[in-house]
Every structure is written in C-alpha cells, then in structure tokens.
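Okay, here's the structure, questions in a sec.
This structure is a prediction, so every number in the text was calculated from the model and none was measured. Numbered from 1 within each chain, the chains take letters A, B, ... in sequence-line order.
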Protein chains: 2
Amino acid sequence: MNRAIPIHRRIRAAIEDKILSGDWPPGTRIPAETELAATYNCARMTVNKALTELAADGLIERRRKSGSVVKRPVLQSAVLEIHDIKAEVEAAGFAYRYRVEKRKVRNATRPDCERLQLEAPVSVLALSCLHLADDRPFCWEDRLISLSAVPQAHDASFTHQSPGAWLIDEVPWSAAEHRISAVAADASLSALQLAPNTPCLAIERRTWNAEEPVTHVRLIYPGDAHALVARFAPSKAG
Amino acid sequence: MNRAIPIHRRIRAAIEDKILSGDWPPGTRIPAETELAATYNCARMTVNKALTELAADGLIERRRKSGSVVKRPVLQSAVLEIHDIKAEVEAAGFAYRYRVEKRKVRNATRPDCERLQLEAPVSVLALSCLHLADDRPFCWEDRLISLSAVPQAHDASFTHQSPGAWLIDEVPWSAAEHRISAVAADASLSALQLAPNTPCLAIERRTWNAEEPVTHVRLIYPGDAHALVARFAPSKAG
DNA sequence: TAGTGGTCTAGACCACGCA
DNA sequence: GCGTGGTCTAGACCACTAG
C-alpha cells in the first residue's frame, strides 16, 4: 500500500498546504482523526501520527473534545546553529589557526561564579584564545571551565584542539544558553587589532551537563566581519 | 495501566538519561525495538514512538539493519525566538509606544530588490518606525513590504498596530530568514539619540509566503540595551 | 454525557543495507 | 540472506472537556 510517500506524510503535507496557503486561517478547525481516517481511507493511528507531528511543529494545536485547530503563527522563531569556529572559517575558504593567549587555574572569583552560575567557588580554568582566518584575527575567546565538572581540563594542552572542540568530545551532552549582544571594542580585545569603538558581536554561551555548570564562553567577532544567520520554516519535513 | 506517565515517555526519558549522563557515549548502539519492547513489556509500536521522538530531537540516529546509535552532539544549536517588540517592551515593565516616521510607496529600487530578493521590480511600501519604551527610544525599524504579495498594505494606516504585528495577522504563515550582526550607530539612526559609533545589534529578517517575498525588516537596538537570549536542551520534552 | 484526542496492542508486510 | 527500522491496521480503553 505504500508506493512511495508514506500515508502519514501525505496527510501532513496536505494539511500543511492548506495552512500555508491561507485556505485554513488560524482558528480553523481541522477534521477529527476519525474523519480524516475515512477521507484518506486509513487507520486512525496513521492520521494521529500526522497530526501529532504537525502539533510538534507548532502549526496546529490539539485539544480533546473540541478538536485540532490551526494555530496563530509564532511571531518569529528560528533555529540558530552556532558553528564550530574552525568549521566556520574553513567553510569561508580561509586557513584556520588559533592560539591560546592566556591560561590560568584559579579558585573561582566572584565574577567567575557569576559567569558560571556557581553556588560554591570551585577551581576553574580560565583561557583566552585568538582565532585566526588566513592569519588575520577573526574571533576572540574568553573561556572559563569548571574543573569540578571537567577535572581533566586541568592537564589538557589545547594545542591541537581548541577548548570548544575539546569540550564537545569530553562532555557527552549538554544544555546551553546563549546571549547575543553588541559591544564596542576596547583594550581587552587588542589582539583583534580593531579601531577603538568598532562594533562587535558578542556571543556568550553557558553550558551545563546534568544540572552542573560546565563552561562559560564569550566570543567576540568584529561586527563587519561576521553575522549569524538562522532560518525558520513551518514545514521542517521531519 | 497508564496512571501517570505514558510508557513511551518513560522509555524516552530512560534513554535520554543514559545519553545525557554519559553512560551511553556517542556511537553506543541502542537495543533494538523488539528488545526494548521485551524489556519494558510493551508493544514494539510504543518503543518505536519513543525512539522516533529521540531521533527527531537529534539525540540518536536510526539506521536499518545496523540499529539505532547515539549521535555526537550538535556543536551548538539553539531555538531563538525573536519576540514582538511590543511584548518585549511590556514584559520588561515599560509602557510601549511606537510611531511611523516615514512612509512611502514606490517602485522597487535596485537596493529594494536586493533586500526583498525580488526578481522583478514590483511596487513596495517603505516604512520607518521608532519604537519607544517609557517614551524613550528603544528600537528603530526600517521595513519594506512587497505590495505584490500584500496589496492591502497600501491602505493600511498602522496607527493601532505596528507593521510587524499587522503582517502577522494578514499573512497566514511564513518562512523567515534572520541575520544578526553588530553595527555602529550613524546618522540614519538619529532618532535613537545615540552617541556616534555606539554599538548596535542589527536584526534583519526576510519573510516569504509560499515562495513569494513578503517583507524585509531591519531592526536596530542599542547594544547596551538589548540582548537576544536562546536556550537549547537536548530533551525538549515534546 | 458525548465527542475528541492520547495511548496502547498484537499482529503484519516491506525496504533497506550489512554480511 | 536476514535483522533492523518504517509503516500500517483494526481494534481497544481511558482522560479530558465542552455543551
């Protein structure tokens, strides 16, 4: 019975079309699962799968008894992927290099605790790195790693792998919080060789693993040399 | 049997735990659906639902014959939601106001075509707005609306609703592309009353509906007054 | 109370892709 | 081949909730 496209996909695509074209504006009631099952001559479970996916994607809202309705669009949302700096530089066709400019183990200071959102002051590793594209400054990195969460960072050299890439390999999975803002270049960014007050994009990222703070990083990109791009489409097609 | 948590959720949570804790590092093979069904004493369809969700969230990768394996973490990704400016201002506890500073209908110039990614020069509506929080400049908006896609914009007054909110109501659903960068304040932003060279966060958004360009907007926020925050967690719980 | 979605079952057949 | 996931079925019972 499944020539090419699965039934649940076809049902989903058909409903998506109705919504995206405006035929079914927000608030429109979608036929009940049993109705759709009759229409498409399939089992209710198959319809259920299609509608569940549409709900997960935020196109419809499902309620018992009253049925499924088309949702109002989320104002603006996007899946933003902040890539590995090395991959980013190389994708742009430049040669990537980086060097660690500063490295220090210390007991977390008060600012350190704030950056990592630590309760108690643990031992931390503070790093500063300069990332280069074709030997020209590309990005400045200030990083703090909790040695309580990642004790093995103490002895890592970071000569072959930048701290960010190294951490991905060491800490299995994590939750993260990003903060994106604009700042003016100052003396602390002298390695970027920018004119004073050059606008820069600042990306801060705080990472946890199983509730435990792992790292905080602040990446500074010269504003004219970098932009974050994100896309959003209601139909993610799986 | 299902007093509290559905079986598929429990299976999913159990596997998530294994992955997040590092017990099952990337590359680990996950038991086959039939095995898990036996373990949890449930039907294979129930296990399938759990694993399908995990795959959709990017925690595992599923392959026929060889089975499901734990994926390497995506380097950094986040769901970024760019909110309605009005909601944003009011959420911060300020009174929101805005005014249209400029409004002009014209045939698309070459820069207009680039901004909207138009093939042919159609008629467009160009708008500039100032958004205020407690009567202080908060955000500057430069917008272009394709009158080919949204002809009714020609006669919209935008007195009660900002162009962004109005569009949400008029254009049913849309895909969007965002571009975030840092720029320096210049004369064109005089309405924001900033010192020259103040760093600003620039958010550009291009919107389509069914392949047709709808609008392009450029929002400028003083860098010290604004930041975008995004969260990412592997377990989105739905 | 009745309609709707949420979940689950115990089968089934097929397509894919490693051996 | 043959094990795996992908899909589908024709039922079932329950929870929620609008009328």
Checklist line | Length of the line joining Asn48(A):CG and dG6(D):P, which is rounded to integer Å | finding: 18 Å

Note to self: What is the distance, to the nearest angstrom, from the NZ atom on Lys49(B) to the P atom on dT7(D)?
What the structure shows: 14 Å

Checklist line | More than 12 heavy atoms of other groups within 6.0 Å of Gln152(B) CD | finding: yes

Next item on the list: Rounded to the nearest angstrom, tell me the gap between atom CD in Glu53(B) and atom P in dC8(C).
Entry: 10 Å

Check: Can you name the residues that form a ring-ring contact (aromatic ring centres under 6.0 Å, His included) with His226(B), not counting sequence neighbours?
Finding: Phe138(B), Tyr221(B)

Check: What pairs with Tyr98(A) under ring-ring contact (aromatic ring centres under 6.0 Å, His included), at least two apart in sequence or on another chain?
Finding: His131(A)

Notebook entry, point to check: Looking at DNA chain D, which of residues 25-38 of chain A put a heavy atom within less than 4.0 Å of it?
Noted result: none

Notebook entry, point to check: Can you check the Ile5(A) CD1 to dA15(C) P distance for me, whole Å?
Noted result: 15 Å

Note to self: Under the rule for side chain to side chain contact (heavy atoms under 4.5 Å, CB included), what residues qualify as partners of Lys65(A), not counting sequence neighbours?
What the structure shows: none

Next item on the list: List in chain and number order the residues that pass side chain to side chain contact (heavy atoms under 4.5 Å, CB included) with Val122(A), two or more places apart in sequence or in another chain; answer none if no residue qualifies.
Entry: Leu118(A), Val124(A), Ser146(A), Ser148(A)

Item checked: Spacing between Lys65(A) atom NZ and dG3(C) atom P, to the nearest angstrom -> 7 Å

Check: Any side-chain N or O of Ser66(B) under 4.0 Å from OP1/OP2 of dG3(D)?
Finding: no

Note to self: If you only use heavy atoms from C-beta on, which nucleotide in dG5(D), dT7(C), dG5(C) is closest to the side chain of Ser68(A)?
What the structure shows: dG5(C)

Got a list of protein N/O to nucleotides 9-13 of chain C N/O distances below 3.5 Å?
residue	atom	partner	partner atom	Å
dT9(C)	OP2	Ala43(B)	N	2.7
dT9(C)	OP2	Thr46(B)	OG1	2.6
dA12(C)	N6	Arg44(B)	NH2	2.9

Note to self: The criterion is side chain to side chain donor-acceptor pair (under 3.5 Å); which residues satisfy it with Glu211(A), sequence neighbours excluded?
What the structure shows: none

Checklist line | Interatomic distance, Glu61(A) CD vs dA18(D) P [rounded to whole Å] | finding: 12 Å

Next item on the list: Please identify each residue that fulfils side chain to side chain contact (heavy atoms under 4.5 Å, CB included) with Lys71(A), with sequence neighbours left out.
Entry: Glu61(A)

Next item on the list: Sorted by first residue and then second, give each side-chain hydrogen bond (donor to acceptor under 3.5 Å, both in side chains) pair with at least one member in residues 27-36 of chain A; sequence neighbours left out.
Entry: Glu33(A)-Arg44(A), Glu33(A)-Asn48(A), Glu33(A)-Arg62(A)

Extract all donor-acceptor atom pairs below 3.5 Å that involve side chains of residues 157-164 of chain A and protein atoms in other chains or at least two apart in sequence.
residue	atom	partner	partner atom	Å
Ser157(A)	OG	Thr159(A)	N	3.3
Ser157(A)	OG	Thr159(A)	OG1	3.0
Gln161(A)	NE2	Asp169(A)	OD2	3.0

Item checked: Whole-Å distance separating the CZ atom of Arg64(A) from the P atom of dG5(C) -> 10 Å

Item checked: Between dT4(D) (P) and Leu51(B) (CG): distance, integer Å -> 13 Å

Next item on the list: Can you measure from CZ (Arg10(A)) to CD1 (Ile15(A)) and round to the nearest 0.5 angstrom?
Entry: 13.5 Å

Next item on the list: Ignoring backbone atoms, test whether Arg62(B) places a side-chain nitrogen or oxygen under 4.0 Å from the OP1 or OP2 oxygen of dG6(D).
Entry: yes

Next item on the list: Using a 3.5 Å limit on both pairing distances, list the dot-bracket string of DNA chain D from the 5' end; Watson-Crick and G-U wobble pairs count, crossing pairs take [ ], interstrand pairs take |.
Entry: ||||||||||||||||||.

Note to self: List the residues meeting side chain to side chain contact (heavy atoms under 4.5 Å, CB included) with Cys42(A), not counting sequence neighbours, and say none if there are none.
What the structure shows: Ile7(A), Ile11(A), Tyr40(A), Thr46(A), Val47(A)

